[in-house]
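What follows is a set of notes on a single structure, which appears directly below.
All values reported here derive from a predicted model rather than from experimental measurement.
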Amino acid sequence: MADGPSCDVAVIGCGPVGAALAIALRAQGLSVIVVEKEPDIYHLPRAIGLDEELFRALQNHGLREAVEAITTALPGAEFVDVEGNRIVGFDLPEGTVGRLGHPPMAMYYQPNLD
């Protein structure tokens, strides 16, 4: 057997999903090693928004204040066709808080969240 670090779980890849998995596993008391080939956080966003369910999950891991500092509540969203006609959308009054105590939808710059 090779010498080296031991752990309960090895997470391969520390993108948003790998990082969230590692946080959740540590919260369950497991020892976790994360292996990531890239030396830095990926510099371009791949996601732009999160809902109150994700806010709650991050809050459960002690990240509420950090996430609130890098997000902006969305006052609404609009999806339009190629001619600019609204297909579907929603509008929220400023300061709207959802049933979980967070904005129903917020935007962010993903490298900051990573």
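By the 4.5 Å heavy-atom criterion applied to side chains, Ile23 and Leu63 are counted as neighbours. No side-chain heavy atom of Val11 sits under 4.5 Å from any side-chain heavy atom of Val35. You'll find the side chain of Pro104 reaches within 4.5 Å of the side chain of Thr96, heavy atoms only. Side-chain contact check for Pro16 versus Leu113: every heavy-atom pair is 4.5 Å or farther apart. Contact of the Arg46 side chain with the Asp114 side chain is registered, since non-hydrogen atoms from C-beta on lie closer than 4.5 Å. Side chains of Pro75 and Leu92 form no contact here, defined as non-hydrogen atoms less than 4.5 Å apart.
Atom CD of Glu78 is separated from atom CD1 of Ile87 by 9.5 Å, given to the nearest 0.5 angstrom. Going from atom CD of Gln59 over to atom CG of Leu54 covers 11.5 Å, rounded to the nearest 0.5 Å. To the nearest 0.5 angstrom, Ile70 atom CD1 is 10.0 Å from Gln110 atom CD. Interatomic distance, Leu58 CG to Glu65 CD, rounded to the nearest 0.5 Å: 13.5 Å. To the nearest 0.5 Å, atom CG of residue Leu25 and atom CG of residue Leu30 are 5.5 Å apart. The OG1 atom of Thr71 lies 13.5 Å from the CD1 atom of Ile48; values are rounded to the nearest 0.5 Å.
Applying the salt bridge (charged side-chain N to carboxylate O under 4.0 Å, His left out) test to every pair with at least one member in residues 92-109, sequence neighbours left out, gives these pairs: Glu53-Arg99. Sorted by first then second residue, the ring pair (Phe, Tyr, Trp, His ring centres under 6.0 Å) pairs that include residues 76-114, not counting sequence neighbours, are Phe55-His102.
Taking Val82 as the reference, nothing meets the side chain to side chain contact (heavy atoms under 4.5 Å, CB included) condition, with sequence neighbours excluded.
Panel note: side chain Glu36, backbone Glu38; a donor-acceptor pair is recorded below 3.5 Å. In this structure, the side chain of Asp8 engages the main chain of Ser31 through a donor-acceptor pair within 3.5 Å.
Pairing each heavy atom of His43 with each of Pro111, the nearest pair is O-CG, 3.6 Å. Summarising the geometry of Ala19 relative to Cys14, their closest heavy-atom pair is CB-SG, 4.0 Å, with the distance given to 0.1 Å. Between Glu52 and Leu100 the shortest heavy-atom distance is OE1-N, 3.0 Å.
Cluster membership check: Leu50 does not share its hydrophobic cluster with Met107, using side-chain heavy-atom separations under 4.5 Å among Ile, Leu, Val, Met, Phe, Trp and Tyr.
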